[in-house]
Amino acid sequence: MSARIRKAVFPVAGLGTRFLPATKTVPKEMLPIIDRPLIQYAVDEAIEAGCDTLVFVTNRYKHAVADYFDKAYELEQKLERSGKTEQLELVRNVLPEGVRAVFVTQAEALGLGHAVLCAKSVIGDEPFAVLLPDDLIWNRGPGALKQMADAAEASGASMIAVQDVPREQTASYGIVATENFEKRQGRIRAIVEKPKPEVAPSNLAVVGRYVLNPRIFSLLESTTPGAGGEIQLTDAIAALLEEEAVNAYRFQGTRFDCGTHIGLVEATIRYALDHEKLSDSARQLMANALSELGVEELN
Ligand code: G1P
């Protein structure tokens with residue numbers, strides 16, 4: 001594999017039960033950080049990395065994701081007529097020209113590995129990316145996927161994003177054991193899905209960005225249910241690294257786990273503090289809120 005990735009898979013078929021009741025009608029990928037839904041951040045990262053074909057693996061209840069990426073004729077006409085060019089640009093740029101969205105349905109929620117396998121016919125025989133929109137990665141320089149795509153193109157190896165987590169959290173992640181790192185990359189020797197801290201091979205956790213060789217599809221086809229009774233992408237990656245190099249990649253950037261309440265709050269705070277127009281008032285509001293709470297606590 002030393003071709004450039006052009007296609008990206010977004011598994012978005014999850015039920016998002018952690019965010020009920022909001023997710024009763026709004027898919028969790030549509031929850032906003034400021035004014036853009038989570039899925040938009042992941043899509044922009046994929047486009048920046050060079051992808052022009054975006055494959056959304058969705059379920060039959062998630063029309064909102066498809067609607068979001070569809071052209072909104074009436075809205076565009078209204079904005080155009082009323083001269084709201086800035087907003088018009090925002091709406092149009094949800095998907096820039098030349099980028100196509102493909103929707104694939106995952107009929108049953110059988111796990112992340114199964115979701116990725118659903119994209120097989122669209123991906124074909126070329127390296128591709130997988131992005132989990134829950135993992136929002138903020139970086140001033142190139143996005144995490146761009147960093148990984150460049151590294152994958154140069155080395156020819158599949159690439160899995162990783163970061164250190166506290167040992168007590170290993171059961172929430174795929175965990176890798178690697179050889180020594182050279183710069184940001186280390187060859188993966190073992191990968192396990194959600195091991196308990198006492199059996200985890202390290203505290204180096206998989207973050208939701210992958211650049212994968214298409215060989216993964218045939219391995220997924222023979223992957224049986226693993227952790228949580230689900231067909232795990234991690235298990236197919238474990239089979240892949242028996243055959244060829246799969247590297248862990250320590251990306252540059254800050255990752256927010258927007259699959260949790262606090263992660264979503266943290267991301268919102270960080271993006272507000274870094275926002276061109278909101279930064280000053282966000283700082284002020286936060287200082288006020290903290291001091292008000294402090295005063296109450298003293299009383
Ligand atoms: C998935 C993967 C896991 C990875 C995590 C990153 O788990 O299965 O290996 O560490 O994403 O966010 P999930 O969070 O979907 O349970």
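Each ligand, and each atom within it, is numbered from 1 in the order the structure gives. Computed from a prediction, not measured in an experiment: that's the story for all the values here.
- Taking the side chain as every heavy atom from C-beta outward, L212 and L233 approach each other to under 4.5 Å.
- Closest to atom 13 (P) of ligand 1 among all protein heavy atoms lies K194 NZ, 3.6 Å.
- The protein non-hydrogen atom at the shortest distance from atom 4 (C) of ligand 1 is V206 O, 3.5 Å.
- Inter-residue side-chain proximity for V116 and F128 is flagged as met; some heavy-atom pair is nearer than 4.5 Å.
- Nearest to atom 8 (O) of ligand 1 among the protein's heavy atoms is E193 OE2, 2.7 Å.
- Between Y68 and Q40, the closest side-chain pair of non-hydrogen atoms falls below 4.5 Å.
- For L233, the closest heavy-atom approach to ligand 1 does not fall below 4.0 Å.
- F181 carries R250 over the face of its six-membered ring, with the cationic atom under 6.0 Å from the centre and within 45° of the normal.
- Checking A205, A227, G226, G174 against atom 3 (C) of ligand 1, the nearest heavy atom belongs to G174.
- In this structure, the side chains of L88 and V91 stay at 4.5 Å or more apart for every pair of heavy atoms.
- Atoms of ligand 1 lying under 4.0 Å from at least one heavy atom of D135, given by number and element, are 6 (C), 12 (O).
- Atoms of ligand 1 lying under 4.0 Å from at least one heavy atom of T234, given by number and element, are 9 (O).
- Using a 4.0 angstrom heavy-atom cutoff, D134 does not count as in contact with ligand 1.
- Under the 4.0 Å distance rule, the nearest protein heavy atom to atom 15 (O) of ligand 1 falls outside the cut-off.
- Shortest contact from atom 1 (C) of ligand 1 to any protein heavy atom: L132 CD1, 3.9 Å.
- Side chains of T170 and R167: a donor-acceptor N/O pair is absent below 3.5 angstrom, by distance only.
- Set against the non-hydrogen atoms of Y173, the atoms of ligand 1 under 4.0 Å away are 10 (O).
- The aromatic rings of Y271 and W138 sit perpendicular, their planes meeting at an angle over 60°, well past the 30° parallel limit.
- The closest side-chain heavy-atom distance from D44 to R36 is below 4.5 Å.
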